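Below: one structure, written as structure tokens.
If you're wondering where the values come from, they're calculated on a predicted model, not measured in any experiment. Values below: every heavy atom of this structure, side chains too, minus hydrogens, waters and symmetry copies.
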Amino acid sequence: MELIVALGVIVFKVALVIAILLLLPLPLTWLERKIAGHMQQRMGPMRVGWHGLLQPVADGIKLLTKEDHIPAEADRFLFKLAPILALAPPFVVFAAIPFGESVSVLGNEITLYISNLNVALLFVFAVIGLEVYGVIFGGWAANSKYAVLGSLRTCAQMISYEIPMGFAVIGVVMLAQSMSLLDIVRAQTDVWNVVYQPIGFFVFFVAGLAEAQRIPFDLAEAEGDLGAGFHTEYSGIRFALFMVSEYVVMVLVSVLTVILFFGGWNSVLIPLPPLLWFLLKVAFFVYLFMWFRFTFPRYRYDQLMAIGWKVLLPLSLANIIISGVVFS
């Protein structure tokens with residue numbers, strides 16, 4: 001009986017996480033448009049629902065009912081598979097993400113995570129790296145020169161920035177003496193890692209912007225001048241899956257930033273519930289993503305690659321050396 005209950009709890013957690021991640025783009029697209037509007041001294045969505053609250057629903061209906069176009073010369077199997085490959089890895093990663101310790105429900109302790117892996121950090125970077133296959137297949141399968149060029153630029157960008165992003169967290173692992181995300185948060189009970197690892201945080205967050213392909217690092221898509229890059233030939237629900245993937249990656253980078261550098265659910269000064277503290281911190285970094293999008297200009301592609309290889313990579317290596325000397 002206990003085994004059945006435990007399995008039921010796991011299934012419920014998985015279903016809840018998937019449902020939340022699938023629905024997150026609805027409020028986030030509305031919020032991003034509103035932030036853009038207020039930053040540019042305009043109203044943002046106003047027509048559909050009160051203050052445009054139903055605009056994401058209207059967008060969803062539009063995407064679901066649009067023609068599912070597949071180019072005549074495309075590889076149909078890979079063309080259909082690509083959006084799934086782009087969407088699945090960010091969802092799988094959340095199986096190892098803790099949102100808190102535990103809560104008491106009807107006298108039972110329920111943990112706020114699906115799985116506590118002792119190598120969770122390694123799992124996260126290994127799985128999220130698979131997202132690049134969705135980009136490769138999406139561009140190549142469309143049999144379009146522009147889509148292929150977009151996918152090649154995206155792959156180069158993602159792979160280049162994953163290297164300093166991975167190196168940036170080595171100092172955090174040194175401090176916590178563990179790759180478990182729970183242990184990393186527990187090690188920040190008194191002092192957050194950002195105090196000891198400001199360089200690591202800077203490298204991680206900037207690389208996270210590039211990994212999520214957000215301005216000023218959205219050269220691979222650049223909707224304003226390239227038409228959308230690797231998913232130029234996609235429409236309807238398949239296009240929507242790529243967009244959902246982008247928002248989920250943005251939330252994932254925000255969650256990891258909070259866990260690795262800003263104490264996770266550990267509170268400071270104001271005694272709020274741990275889960276609320278965690279969500280507030282994540283919301284702050286999601287806002288930063290949106291703020292940067294409407295503040296900074298887009299880099300040229302050579303500048304983007306130079307920042308990754310000539311700035312972030314040396315900084316991440318220097319951070320490892322300094323951390324090794326100081327914390328050894």
Residue list, salt bridge (charged side-chain N to carboxylate O under 4.0 Å, His left out) with [X], at least two apart or on another chain:
X: Arg300; answer: Asp302
X: Glu32; answer: Arg214, Arg293
X: Arg186; answer: Glu101, Asp183

According to ring-ring contact (aromatic ring centres under 6.0 Å, His included), does anything in [range] pair up with another residue at least two apart or in another chain? List the pairs.
range: residues 155-180; result: Tyr161-Phe217
range: residues 17-65; result: none
range: residues 71-105; result: Phe79-Tyr234, Phe99-Phe278

Sidechain-backbone polar pair: Gln188 side chain, Ile184 backbone, donor-acceptor under 3.5 Å: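 The answer is yes, because a donor-acceptor pair under 3.5 Å joins these two groups.
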
Could you measure the distance from the [atom1] atom of [X] to the [atom2] atom of [Y]? Nearest 0.5 Å is fine.
X: Phe137; Y: Ser151; atom1: CZ; atom2: OG; value: 11.0 Å
X: Leu175; Y: Phe261; atom1: CG; atom2: CZ; value: 9.5 Å
X: Thr111; Y: Ile10; atom1: OG1; atom2: CD1; value: 8.5 Å
X: Leu81; Y: Asp75; atom1: CG; atom2: CG; value: 9.5 Å
X: Ile199; Y: Leu317; atom1: CD1; atom2: CG; value: 11.5 Å
X: Leu315; Y: Ile322; atom1: CG; atom2: CD1; value: 9.0 Å

Shared hydrophobic cluster, [X] / [Y] (ILVMFWY, side-chain heavy atoms < 4.5 Å):
X: Ile159; Y: Leu152; value: no
X: Leu256; Y: Val119; value: yes
X: Val127; Y: Val173; value: yes
X: Leu64; Y: Ile84; value: no
X: Val17; Y: Leu279; value: yes

Which residues share a ring-ring contact (aromatic ring centres under 6.0 Å, His included) with Phe296, sequence neighbours left out: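 Here the qualifying residues are Phe292.
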
Partner set under ring-ring contact (aromatic ring centres under 6.0 Å, His included) for Phe289, not counting sequence neighbours: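 Partners of Phe289 by the ring-ring contact (aromatic ring centres under 6.0 Å, His included) criterion, ordered by chain and then number, come out as Phe205.
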
If I compare all heavy atoms of [X] with all of [Y], which pair ends up nearest, and what's the gap?
X: Ala207; Y: Leu312; result: N-CD1, 4.2 Å
X: Pro98; Y: Ile259; result: O-CD1, 3.7 Å
X: Val48; Y: Ala58; result: CG1-CB, 4.4 Å
X: Gly208; Y: Met165; result: CA-CE, 3.9 Å
X: Lys34; Y: Pro45; result: NZ-O, 2.9 Å
X: Pro89; Y: Ile128; result: CB-CA, 4.4 Å

Suppose the criterion is side-chain hydrogen bond (donor to acceptor under 3.5 Å, both in side chains): which pairs have a residue in [range], not counting sequence neighbours?
range: residues 80-91; result: none
range: residues 257-281; result: none
range: residues 190-203; result: Gln197-Asn319, Gln197-Ser323
range: residues 52-71; result: Arg33-Asp59, Gln55-Asp59, Asp68-Arg238

Looking at side-chain heavy atoms only, is the closest gap between [X] and [Y] below 4.5 Å?
X: Leu280; Y: Phe284; answer: no
X: Leu28; Y: Met290; answer: yes
X: Thr154; Y: Gln213; answer: yes
X: Ile97; Y: Leu181; answer: yes
X: Pro164; Y: Val203; answer: yes
X: Leu117; Y: Ser180; answer: no
X: Leu85; Y: Leu130; answer: no
X: Leu304; Y: Gln157; answer: yes

Trace of the side-chain contact (heavy atoms from CB on, under 4.5 Å) decision for Leu260 with Leu121: CA-CA 10 Å; Leu260 296 174; Leu121 198 54; 3.9 Å; yes

Flag if over 12 foreign heavy atoms under 6.0 Å of [atom1], [X]:
X: Phe12; atom1: CZ; answer: no
X: Arg42; atom1: CZ; answer: yes
X: Gln40; atom1: CD; answer: yes

Evaluation steps, side-chain contact (heavy atoms from CB on, under 4.5 Å), between Phe123 and Val92: CA-CA 10 Å; Phe123 173 82; Val92 173; 3.9 Å; yes

Test side-chain contact (heavy atoms from CB on, under 4.5 Å) applied to Phe201 and Val172, Val195, Val169, Val194, the passing residue: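 Going through the options one by one, the only one that passes is Val194.
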
Distance-only polar pair, side chains of Ser160 and Trp309, donor-acceptor under 3.5 Å: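 A donor-acceptor contact under 3.5 Å links the two side chains.
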
Check against side-chain contact (heavy atoms from CB on, under 4.5 Å), Leu182 and Tyr113: CA-CA 10 Å; Leu182 272 173; Tyr113 48 84; 3.5 Å; yes

Pair Met179-Asn118, side-chain contact (heavy atoms from CB on, under 4.5 Å): steps then yes or no: CA-CA 6 Å; Met179 297 186 75; Asn118 58 359; over 6 Å; no

